[in-house]
Amino acid sequence: MTENETTPGSNFITTIIETDLKANIHNGRLATRFPPEPNGYLHIGHAKSICLNFGVANTYNGTCNLRFDDTNPTKEDVEYVDAIMEDVRWLGFDWDDRLYYASDYFEQLFAYAVQLIQAGKAYVDDLSADEIRQHRGTLTEPGMDSPWRNRSVEENLSLFQGMRAGDFEDGSRVLRARIDMAHPNLIMRDPTLYRIRKTRHHRTGDTWCIYPMYDFTHCLSDSIEGITHSLCTLEFENNRTLYDWVLDNVDATCHPQQIEFARLNLSYTVLSKRKLIQLVEEGFVDGWDDPRMPTICGLRRRGYTPEAIRSFCDRIGLAKRDSVVDVALLEYTIREDLNKRAPRVMGVLRPLKVVIENYPEGQMDELEAVNNPEDPNAGVRKVPFSREIYIERDDFMENPPKKFYRLGPGREVRLRYAFFVTCTDVIKDQTTGEVIELRCTYDPTTRGGDAPDGRKVKATLHWVSAAHAVDAEVRLYDRLFSKANPDEKEADKTYKDFLNPEALEVLRDCKLEPCLADAGPGYFCQFERMGYFCVDTKDSQPGVPVFNRTVTLRDAWAKLQKKS
RNA sequence: UGGGGCGUCGUCAAGUGGUAAGACACAGGAUUUUGGUUCCUGCAUUCGGAGGUUCGAGUCCUCCCGCCCCAGCCA
């Protein structure tokens, strides 16, 4: 990847980093980390964090670790760690040998907890979860000390060892930091450090039955790894006080700086893990990699490229204010990337048969077509033309309105790279009145698409020779929600009520150019005038391709129609 | 109404006391064998509001308003 693709623009975090580097705060060292919990699939919001963390490491000659924050065995699974690694790699980032797991630090973390107990700064509490909540107080009232808050160091030590040894049941006791039950920041009212969970962990198995909490684990993991700047999202701002407290009250040598930034919100989509899970589990989509999903694997299957996603992340900026980025920007970045790279091909999605009456039966012509007008190196190809072809149903109107430039009775248009044709007759279904076929004549002197007499035509249509067409299924994808902010409160409605029924339309008798017969997974192209498409990685079979629409082309005509 | 944050164009976002970048979106126009691409043009006399300091304020001060986060043995 090129330098500027991974170089986020200047923002408040790069400003801090540059200042720190200049001041030699960490001996000129920069170390970041991307710390996902392996309890779900990565989505475009994670991509923002990945691009930030790996991006600044690249820019400032630092390092970025991949660390799994796997401290809650009830929610986590190796399925997710594998998927996360695949997605980070696919996005174009490399952690070299710096792959870590918080669970690797369980023994060290336990020792740090013992330090806290020995210093009288942590205690074993026998209160139930309910009682702890009741003792916590409220936003405006101070909490109350637990009756177990003043146990001796010896008793705490022995109890904590007992917790580790499995002597107590889940939920019967926790280890708590001994801070201040009247602290104005609720996070600091004797936060839980360890809980008992007799659950098998996907990496440590049954070695442990007590597991450290996020607030205790994260800062120490950062410290152990020598992280210099610990970048996280805004909802952890309150936790920073505890992050610093733990590091200040234990003999940690490295004290990273936690900096919070606003998480990504995208219009017309939801990004909360809880909602994404619901969409999958309740069958609103076909899985985590459903091309309608904002997950990395969904976007990948949809045809988004790593380059486009990185470009998007660079363009959205970074700040501390809550914001909603317009999904149009994401669509812009994929078009921008594919425009330069996608080969052009003709594909008729909703076919309408056209017979060229003055073109000899049984004859065939091979026309030369440019593979990509944006890329001379892409070369040319031959496209077969014959008496019977298909054009797009939307490219013909029996009673064309004012600004409709395409085909109509008696009108002449250009078939791309082929000939000028004029519509001479419209054939309809006797009973339904539906247009089922068009009769045209062609001008043989316009071969290639230019008229020797210099006459012009208002439209150029894509087409496919009927005899040579490849039949294919094409899936038209669109935005998952029809409402810009699906989370906005509206009388007894939830985001699920705003799912866009047109987010998926399956077309089964599409006619594609013959060169697409062997297109396999990984192939992407532009169907001229229609949009960018890619071969579906799951449902496509050799010889029977399935294409996914990644994004439409910008469409001035559609915009005009919408207006009227 | 405890504490922590945040308010600059429709949407993101620069700006760090010297006279409001850029991008997307939108609207015009030009070129075009994709109503695509590309190229031009327009798009905040004003920075949540009101006062104040200053020769000068989006930037500093005061007060007010609005939004977000925190009462998991989740992360």
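Here is the naming used below: chain letters follow the sequence lines, and residue numbers restart at 1 for every chain.
Distances shown here put a side-chain N or O of A:R195 below 4.0 Å from the OP1 or OP2 atom of B:A75. Within the 4.0 Å cut-off from OP1 or OP2 of B:C26, at least one side-chain nitrogen or oxygen of A:K559 is found. When the side-chain nitrogen and oxygen atoms of A:R321 are compared with OP1 and OP2 of B:U8, one or more of them lie within a distance under 4.0 Å.
As judged by a 4.0 angstrom heavy-atom cut-off over every strand, A:L127 is placed among the base-contacting residues. Within 4.0 Å of A:K456, counting heavy atoms only, lies no atom of the nucleic acid at all. Nucleic acid contact for A:Y194: none, since no nucleic acid atom lies under 4.0 Å from a heavy atom of the residue. Among the heavy atoms of the strands lying under 4.0 Å from A:A129 is at least one base atom, whether or not backbone atoms are also near. Heavy atoms of A:D215 sit nowhere under 4.0 angstrom from any nucleic acid atom. Across all strands, A:T71 comes closer than 4.0 Å only to sugar-phosphate atoms, never to a base (heavy-atom distances). Here A:I316 lies in heavy-atom contact (under 4.0 Å) with sugar-phosphate atoms only. Counting non-hydrogen atoms under 4.0 angstrom, A:D170 reaches nothing in the nucleic acid. Among the heavy atoms of the strands lying under 4.0 Å from A:V324 are primed sugar atoms or P, OP1, OP2 only; no base atom is included. In this structure, A:L318 reaches the sugar-phosphate backbone alone: every heavy-atom distance under 4.0 Å involves primed, P, OP1 or OP2 atoms, never a base.
With both pairing distances under 3.5 Å, B:A27 is matched to B:U41 as a Watson-Crick or G-U wobble pair. Remark: B:A50 base-pairs with B:U62; criterion is Watson-Crick or G-U wobble with both hydrogen-bond distances under 3.5 Å. Pairing partner, B:C73: none, since no Watson-Crick or wobble contact has both distances short of 3.5 Å. Checking B:A14 for Watson-Crick or G-U wobble geometry (two distances, each under 3.5 Å) identifies no partner in any strand.
For A:R67 and A:Y101, the positive end is not near the middle of the six-membered ring at less than 6.0 Å and at most 45° from its axis. Cation-pi check for A:R414 over A:F420 is not met; the charged atom does not lie both under 6.0 angstrom from the ring centroid and within 45 degrees of its normal. Cation-pi geometry between A:R173 and A:F168 is satisfied (NZ or CZ under 6.0 Å from the ring centre, within 45° of the ring normal). Both tests pass for A:R164 against the ring of A:F110: distance under 6.0 Å to the centre and angle within 45° of the axis. Cation-pi check for A:K275 over A:Y495 is met; the charged atom lies under 6.0 angstrom from the ring centroid and within 45 degrees of its normal.
Proximity note for A:M213 (side chain, C-beta onward) versus B:A75, B:G2, B:A14: the nearest is B:A75. When each of B:G2, B:G4, B:A75 is scored by its nearest atom to the side-chain atoms of A:N238, the top-ranked nucleotide is B:G4. Side-chain proximity of A:S323 to the nucleotides B:G5, B:C12, B:U11 is greatest for B:C12. Side-chain atoms of A:A328 lie closest to B:A25 of the nucleotides B:C26, B:C74, B:A25. With B:U16, B:C26, B:A14 as the candidates, the nucleotide lying closest to the side chain of A:T15 is B:U16.
Taking the P atom of each, B:U46 and B:A20 are spaced 11 Å apart, rounded to whole Å. Taking atom P on both B:C64 and B:G10, the two are 28 Å apart, rounded to the nearest angstrom. Using P as the reference atom, B:G52 and B:C6 are 27 Å apart when rounded to the nearest Å.
A salt bridge links A:D337 with A:R341: the closest approach of a Lys/Arg side-chain nitrogen to an acidic carboxylate oxygen falls below 4.0 angstrom.
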**Prompt:** Yes or no on salt bridge (Lys or Arg N to Asp or Glu O under 4.0 Å) for A:E392 and A:R406, after CA distance, side-chain angles and deciding distance?
**Reply:** CA-CA 10 Å; A:E392 206 67 53; A:R406 284 109 93 147; over 6 Å; no
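For A:W148, the CH2 atom sits in a loose shell: 12 or fewer heavy atoms of surrounding residues, nucleotides or ligands are nearer than 6.0 Å.
Base orientation of B:G72: syn, since the glycosidic angle falls within 90° of 0.
In this structure, OG1 on A:T445 lies 6.5 Å from CG on A:D453, to the nearest 0.5 angstrom.
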**Prompt:** When every nucleotide of nucleotides 34-44 of chain B is labelled 5' to 3' by its protein contacts under 4.0 Å (heavy atoms), B for base, S for sugar-phosphate only, - for none, what sequence of letters results?
**Reply:** BBBS-------
